[in-house]
Amino acid sequence: MTRDNERINKKEFNEQKIKFLNIQLIATIGFIIALSISYFLTLDKKLSLEKKDRLFSEEVAQNLALFQTILVFIIALCFLYINYKQYQISKKVHDSDEQDLLLQIETSIFAIISAIIGLYIIFKNYRNKNLAVAETELF
């Protein structure tokens with residue numbers, strides 16, 4: 001009977017891991033989108049400094065910077081949630097990944113702090129329309 005319970009626990013454990021890996025895949029796609037936006041904002045800044053035709057107007061660049069910063073914050077929250085849930089599961093079944101997941105949780109917390117600072121700067125300057133395209137992608 002114990003072996004059957006152990007198999008069920010391992011099966012449930014694997015199903016839960018797969019579920020969180022699927023969420024992680026979606027969050028990774030969001031991260032790729034955020035990186036792409038950053039690339040185009042940087043290219044737009046370069047064109048602006050070279051006095052060439054820009055990719056975006058000032059307003060569009062600011063909106064993209066705001067969207068990107070919010071997206072990065074959401075992604076950071078997703079990774080914290082995933083790491084925490086995997087840690088809880090790992091702790092229940094006494095998996096060897098426990099310590100690594102704890103470190104990943106700490107890393108996720110630092111990412112959230114960075115994202116909050118970026119959000120603060122973007123929101124503060126976005127409301128006042130003080131954010132020049134040259135500054136947007138630096139965040």
J.: Are L103 and I113 linked, directly or through intermediate hydrophobic residues, by side-chain heavy-atom contacts shorter than 4.5 Å (ILVMFWY only)?
T.: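 Not linked; separate clusters.
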J.: If you round to the nearest 0.5 Å, how far is CZ of F20 from CG of N22?
T.: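 Result: 10.5 Å between the selected atoms.
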J.: Give the table of side-chain donor-acceptor pairs shorter than 3.5 Å for residues 71-86, with sequence neighbours excluded, one pair per line with atom names and distance.
T.:
| from | atom 1 | to | atom 2 | distance (Å) |
| --- | --- | --- | --- | --- |
| N83 | ND2 | F79 | O | 3.0 |
| N83 | ND2 | Q104 | O | 3.4 |
| N83 | ND2 | S108 | OG | 2.8 |
| Y84 | OH | Q88 | NE2 | 2.9 |

J.: Taking it one step at a time, do K17 and I89 satisfy side-chain contact (heavy atoms from CB on, under 4.5 Å)?
T.: CA-CA 8 Å; K17 271 189 156 183; I89 293 167; 5.5 Å; no
J.: Report yes or no: do I117 and L119 belong to one cluster of Ile/Leu/Val/Met/Phe/Trp/Tyr joined by side chain heavy-atom distances under 4.5 Å?
T.: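 Same hydrophobic cluster.
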J.: Measuring from atom CD1 of I116 to atom CD1 of I121, what distance do you get when rounded to the nearest 0.5 angstrom?
T.: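 I116 CD1 to I121 CD1: 12.5 Å, rounded to 0.5 Å.
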J.: Say you draw a straight line from CD1 of I18 to CG of L25; how long is it, rounded to the nearest 0.5 Å?
T.: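 One finds 11.5 Å between CD1 of I18 and CG of L25.
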J.: When rounded to the nearest 0.5 angstrom, what distance separates CD in Q62 from CD1 in I122?
T.: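 Here the interatomic distance stands at 8.5 Å.
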J.: Is the backbone of F56 close enough, under 3.5 Å, to the side chain of D44 for a donor and an acceptor to pair up by distance?
T.: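 Yes.
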J.: Please identify each residue that fulfils salt bridge (Lys or Arg N to Asp or Glu O under 4.0 Å) with K52, with sequence neighbours left out.
T.: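 So K52 forms a salt bridge (Lys or Arg N to Asp or Glu O under 4.0 Å) with E50.
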J.: Return the set of residues passing side chain to side chain donor-acceptor pair (under 3.5 Å) with E106 (not counting sequence neighbours), or none when no residue passes.
T.: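 None.
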J.: Could you walk me through whether L64 and L41 pass side-chain contact (heavy atoms from CB on, under 4.5 Å), step by step?
T.: CA-CA 8 Å; L64 279 172; L41 286 173; 4.1 Å; yes
J.: For residues 26-37, run the donor-acceptor check on the side chains, cut-off 3.5 Å, and write out each pair with its distance to 0.1 Å, sequence neighbours left out.
T.:
| from | atom 1 | to | atom 2 | distance (Å) |
| --- | --- | --- | --- | --- |
| T28 | OG1 | Q24 | O | 2.8 |
| S36 | OG | I32 | O | 3.0 |

J.: Are L101 and L21 connected in a single hydrophobic cluster, I mean Ile/Leu/Val/Met/Phe/Trp/Tyr linked by side-chain heavy atoms less than 4.5 Å apart?
T.: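 Different hydrophobic clusters.
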J.: Please determine whether the number of non-hydrogen atoms from other residues, nucleotides or ligands lying under 6.0 Å from atom CZ of F40 exceeds 12.
T.: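 Count not over threshold, so no.
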